[in-house]
Amino acid sequence: MKYDSKTIEEKWQKIWQETGEFDITEDTDKPKYYALEMFPYPSGNLHMGHVRNYSIGDVVARYKKMQGYNVLHPMGWDSFGLPAENAAIKHGADPADWTWSNIDNMRKQLKRLGFSYDWDREVATAKPDYYKFTQWMFAQLYKHGLAYKKKSYVNWCPSCATVLANEQVVNGKCERCKSEVGKKDLEQWFFKITDYAQRLLDDIEKLGGWPDKVKSMQTNWIGRSEGAEVDFKIDGSDETLTVYTTRPDTIFGVSYMVIAPEHPLVEKLIAGKETEAECRAFIKKVQHQSEIMRSATDTEKEGVFSGTYLIHPFTGDKIPLYLANYVLLDYGTGIVMGVAAHDQRDFEFAKKYDLPIRIVIQPEGQNMKSEDMTEAFAAEGIMENSGEFNGMNNKDAIKAITKRLEERGIGRGKVNFRLRDWLISRQRYWGAPIPIVYCDKCGEVLVPDDQLPVILPQNVKFTGQGQSPLSECEEFVHTTCPKCGGPAKRETDTMDTFVCSSWYYLRYCDPHNTEMPFDKAKTDYWMNVDQYIGGVEHAILHLLYARFFTKALHDFGYVSCDEPFENLLTQGMVLKDGTKMSKSLGNVVSPEEIVDKYGADTARLFIMFAAPPERDLDWNDTAVEGSYRFLNRVWRAVEDLRDCVTDEKPDAESLTADEKKLRLAVHGAIKKVTADCDRFSFNTAISAIMEMVNALYYYKEHTPKDGLNKPVVSEAVTSLIVMLSPFVPHIACEMWEMIGKTSNLAVEKWPEYDEKALVVDEIEIVLQINGKIRDKIMISPDLTREEMTELAMSNDRIKELTEGKQIIKCIAVPKKLINVVVK
RNA sequence: GCGGGUAUGGCGGAAUUGGCAGACGCGCCGGAUUUAGGUUCCGGUGUCUUUGACGUGGAGGUUCAAAUCCUCUUAUCCGCACCA
């Protein structure tokens, strides 16, 4: 007989729903705990990655609840985004209908897995009551000068027909559709995340509960570098060009300069020069080079002389200015010094175009010659050919030269970041409209808070071509100016969906508030998120944006915290046969099927048991059977022993050896499961429960039915059910009922172990000679080192093996081993 | 190139602080139950030339003792990448 997972799971899910079991409010009598999993995009169906993410979160939430915490555990939908719109283009479905029906389906699937969400707090970012406040967030940033529009050379995905943030371009391709990303000069909305670059970087230190991997990814992404800006006079003009360099110490080694071909000043620099035609041809060529080609390290460096010379600020030499494909427009000033001897890229470029290689730093005690060099020398050394700075260590020269530049007013120390401002406008329909209107009289006008939300219109046309559907929706575009009441046009760009997901964790604290995105008192109670759980793919984008939002809202006075996520767990992927599950490979295991066949509890148990949460998990059908078998084994034991359940406590004084052994197993398990759950080592927590079940079977099989010690068995059975309940809540509740309990298992107190039950008369310790095991003996655990040593010396085996040898020393580790060192 | 991981039986994994390597599970082998298969219960299962030796990707080192610490190295995965 197998236990009936289907009936049991439906029964308890219904009860939880009807009793509002997991609905929660602020309660200052209890410590709070905010358990959060990254909310899903409603693609249509739950996949195993979701099941894993939410199973981990549910165990955490349920475990904390049983430990007496007031647990906030919400769920919602990151429901704006391109797939809805693509479905509209492809199948003619309305993006809203498509989204809501997907949500309905996935909500059902989540409920079938028995997660302990407070469904009353469910949010969907595509609903007006939510995006009203996404627009409010935009307004706040706008009012504080952190949202601005500028013409910029931006990433453009031709297939998605929209711009993309820097973070959404992966290897020169669109993160979503993988098509090659181009560049366009467009007027776009940005959030000034760069204002927070230093703080976002500094505060990474505060993120003690985050994985190092994520912290280092963010550090690299922010990419702080220290250097200097230097002004170079243009020969024959009063104007200057400014470069950024991290190596001002190499300034005397400059043999040429380079400017990005797309640089706005290029036009002026090449106009009327002998080389103009050549330059124009080069610019055209570079424009046709794809972003991937341009950014690949192994792409050959190419350039052309601009016809312009710059004047070296120290030597007064005339230095040729080149246009070259290896200089990035949007980092630093878009102009760099070419120091062939001390930078590998410059070295290659100089070799190709036969430009001078000037050594200005020598490795200590050496005398390199430029004609012998096969690669640039980028390490530390002693300055030479650098005028007054000769003989200095180059590290010191960086400071000295920067200082001199500052004194002369032709340069300055400068910190640069790799992080760019966050491009948030999208030329798409299914997103939160940007609350801006354009009035002929008043210009760009922010929609006032009391006129939010700017409602996304329905019944727009989806052609998949040309402009955004919104810009062709006349009744949306034409409006009145909030300032002067005259005719005005709406901004037709919508916001990047990452804006919506940058503040949802705050909305969960107060999801029904119609006046404000949240009440400060409520976020003060619930924030920070104590445990955030999700995929590592969000290590940069979402997690950086959310940190930025929290800091900005903190500065505006809306929240007290300035980091949102106290602890972060990045769960591993769910694989099949060592590779990612994917439709094209046909190796997708559907959660629905598994729940149908074995039940939600088995699916959850397998996922938690098969691997530690942060590691990748290979789906294994026979191992799933093993988890199912274990639950049946537990079920049979509880069924068998249900009559033993009593309120009577075991009498520790009068137990048989077998009874003591069972108690030891039970309390040992309580100790280990608790410690393991505290450190999120759920796989070993489950294995500890399995060992306890094995001990229970041993006792059961070795004791006549009428000889069972009821209080001892009762203690074992109740602890077993309680400890299983965060992992497999349905079967646990059913067994709880089966043994006659009427209390609510979800808030049952987590068991505590009895130190006395763990005390044993004898333990096995190891006898070693020179670190090799030679015997094992049973001793009292209380023996001192001296007593242990004495025992070892009188041991026959040790005596035999050490005969005729010189005993140098004897190391005794209480409760572990004795090691005799001989020569 | 820079940054961060990972490497342990046939497989997933365990060993929290340096102290019995391989817990727990899968698989496999055997016993009991059964007409048989399946189920269930019990037992076994790192390798080998088995009174012992070897064994945590490889090579050194520190230590009475190393999967764990140090140095070097190989493989592999992930992130960033012409960032001046």
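We name chains A, B, ... by the order of the sequence lines, and we start the count at 1 in each one.
Ile689(A) places its CD1 atom 14 Å from the C1' atom of rG25(B), with the value rounded to the nearest Å. Between Leu323(A) atom CG and rA84(B) atom C1' the separation is 17 Å, expressed in whole Å. Here the P atom of nucleotide rU39(B) and the OH atom of Tyr3(A) are 18 Å apart, to the nearest Å. Per the geometry, CZ belonging to Phe609(A) stands 8 Å off P belonging to rC26(B), to the nearest Å. Between Leu617(A) atom CG and rC11(B) atom C1' there is a gap of 13 Å when expressed in whole angstrom units.
Of the charged side-chain nitrogens involved, at least one lies within less than 4.0 Å of a carboxylate oxygen, so that Glu302(A) and Lys285(A) count as a salt-bridged pair. Salt bridge status for Asp231(A) with Arg412(A): present, with a side-chain N to carboxylate O gap under 4.0 Å.
For the pair Asn694(A) and rC42(B), the criterion of a side-chain N or O lying under 4.0 Å from OP1 or OP2 is not met. Taking 4.0 angstrom as the limit, Tyr326(A) places none of its side-chain polar atoms (N or O) nearer than this to OP1 or OP2 of rA84(B). A close approach under 4.0 Å does not occur between any side-chain nitrogen or oxygen of Arg785(A) and OP1 or OP2 of rG19(B). The phosphate of rA14(B) (OP1 or OP2) has a side-chain N or O of Arg615(A) nearer than 4.0 angstrom. Applying the 4.0 Å criterion to OP1 and OP2 of rC64(B), one finds that Lys809(A) has a side-chain N or O inside that range. Dashed line: the shortest gap from a side-chain N or O of Arg629(A) to OP1 or OP2 of rC26(B) is under 4.0 Å. Residue Lys580(A) places none of its side-chain N or O atoms closer than 4.0 Å to OP1 or OP2 of rC78(B). Taking only side-chain nitrogens and oxygens, Arg636(A) comes nearer than 4.0 Å to OP1 or OP2 of rC41(B). Residue Tyr697(A) places at least one side-chain N or O closer than 4.0 Å to OP1 or OP2 of rC41(B).
If you check rU40(B), rA23(B), rC20(B) against the side chain of Glu764(A), the one that comes closest is rC20(B). Closest contact between the side chain of Glu691(A) and the listed nucleotides rC54(B), rG52(B), rA23(B) involves rA23(B). Side-chain proximity of Asn819(A) to rA84(B), rU16(B), rA65(B): nearest is rA65(B). With rC41(B), rC26(B), rG25(B) as the candidates, the nucleotide lying closest to the side chain of Arg633(A) is rC41(B). For Arg418(A), whose side chain is taken as the heavy atoms from C-beta onward, the closest listed nucleotide among rA53(B), rU39(B), rC80(B) is rC80(B). Among the nucleotides rA23(B), rG13(B), rC54(B), the one closest to any side-chain atom of Lys772(A) is rC54(B). Considering only side-chain atoms of Val327(A), the nucleotide from rC20(B), rA84(B), rG19(B) that sits closest is rA84(B). If you check rG19(B), rG12(B), rA84(B) against the side chain of Ile811(A), the one that comes closest is rG19(B).
Atom OG of residue Ser255(A) and atom CD1 of residue Ile319(A) lie 8.0 Å apart, to the nearest 0.5 angstrom. Here Leu568(A) contributes atom CG and Glu614(A) contributes atom CD; the two are 11.0 Å apart, rounded to the nearest 0.5 Å.
Residue Arg224(A) is classed as having no contact, given no heavy-atom separation below 4.0 Å to the nucleic acid. Among the atoms of the strands shown, only primed sugar atoms or phosphate atoms (P, OP1, OP2) are found under 4.0 Å from some heavy atom of Val821(A). As judged by a 4.0 angstrom heavy-atom cut-off over every strand, Gly332(A) is placed among residues making no nucleic acid contact. Contacts of Asp330(A) with the nucleic acid, taken as non-hydrogen atoms under 4.0 Å apart, are absent. Contact annotation for Lys672(A): base contact, defined as any heavy-atom pair under 4.0 Å involving a base atom. Base contact: Leu817(A) has a heavy atom under 4.0 Å from a base atom.
The distance between the ring centers of Tyr256(A) and Tyr353(A) does not fall below 6.0 angstrom. Ring centroids of Phe682(A) and Phe680(A) are separated by less than 6.0 Å, placing the two rings close together.
A gap of 22 Å separates the C1' atoms of rG57(B) and rA53(B), to the nearest Å. Across rA36(B) and rG43(B), the matching C1' atoms stand 23 Å from one another, rounded to whole Å.
When the nearest nucleotides of RNA chain B are assigned to Ser627(A) and Thr246(A) by heavy-atom distance, the more 5′-ward of the two goes with Ser627(A). For Gly223(A) and Pro612(A), each mapped to the nucleotide of RNA chain B holding its nearest heavy atom, the one lying further toward the 5' end belongs to Pro612(A).
Within the 3.5 Å criterion, the main-chain N or O of Leu207(A) finds a donor-acceptor partner in the side chain of Lys215(A).
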Quiz: residues 330-343 of chain A side-chain donor-acceptor pairs under 3.5 angstrom, not counting sequence neighbours:
| residue | atom | partner | partner atom | Å |
| --- | --- | --- | --- | --- |
| Asp330(A) | OD1 | Arg420(A) | NH1 | 3.2 |
| Asp330(A) | OD2 | Arg420(A) | NH1 | 3.1 |
| Tyr331(A) | OH | Ser225(A) | OG | 2.9 |
| Thr333(A) | OG1 | Thr242(A) | O | 2.6 |
| Thr333(A) | OG1 | Ile335(A) | N | 3.3 |
| Thr333(A) | OG1 | Ile335(A) | O | 3.3 |
| His342(A) | ND1 | Phe377(A) | O | 2.9 |
| His342(A) | NE2 | Val360(A) | N | 3.0 |
| His342(A) | NE2 | Ile361(A) | N | 3.2 |
| Asp343(A) | OD1 | Arg345(A) | N | 2.9 |
| Asp343(A) | OD1 | Arg345(A) | NE | 3.1 |
| Asp343(A) | OD1 | Asp346(A) | N | 3.1 |
| Asp343(A) | OD2 | Arg345(A) | NH2 | 2.6 |

Exercise answer: donor-acceptor pairs, residues 602-610 of chain A side-chain atoms, under 3.5 Å, sequence neighbours excluded:
| residue | atom | partner | partner atom | Å |
| --- | --- | --- | --- | --- |
| Thr602(A) | OG1 | Tyr598(A) | O | 3.3 |
| Arg604(A) | NE | Phe727(A) | O | 3.1 |
| Arg604(A) | NH1 | Asp58(A) | OD2 | 3.0 |
| Arg604(A) | NH1 | Leu113(A) | O | 2.9 |
| Arg604(A) | NH1 | Gly114(A) | O | 3.3 |
| Arg604(A) | NH2 | Asp58(A) | OD2 | 2.7 |
| Arg604(A) | NH2 | Pro726(A) | O | 3.1 |

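Here Leu265(A) pairs with Leu241(A), His263(A), Leu269(A) under the side chain to side chain contact (heavy atoms under 4.5 Å, CB included) rule; sequence neighbours left out. With sequence neighbours excluded, the residues satisfying side chain to side chain contact (heavy atoms under 4.5 Å, CB included) with Thr684(A) are Lys672(A), Asp676(A), Arg679(A), Ser681(A), Ser687(A).
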* To do: Could you go through the side chain to side chain contact (heavy atoms under 4.5 Å, CB included) check for Arg547(A) and Leu544(A) one step at a time?
  => CA-CA 5 Å; Arg547(A) 292 182 61 216; Leu544(A) 192 65; 4.1 Å; yes
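For a distance-only test at 3.5 Å, the side chain of Lys776(A) qualifies as a donor-acceptor partner of the base of rC20(B).
Base pairing in RNA chain B gives the following stems of 3 or more Watson-Crick or G-U pairs, range against range and under 3.5 Å: B:1-7 with B:74-80, B:10-12 with B:24-26, B:27-32 with B:40-45, B:46-48 with B:52-54, B:57-61 with B:69-73.
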Between the protein and nucleotides 1-4 of chain B, which nitrogen or oxygen pairs come in under 3.5 angstrom?
| residue | atom | partner | partner atom | Å |
| --- | --- | --- | --- | --- |
| rG3(B) | O2' | Ser216(A) | OG | 3.3 |

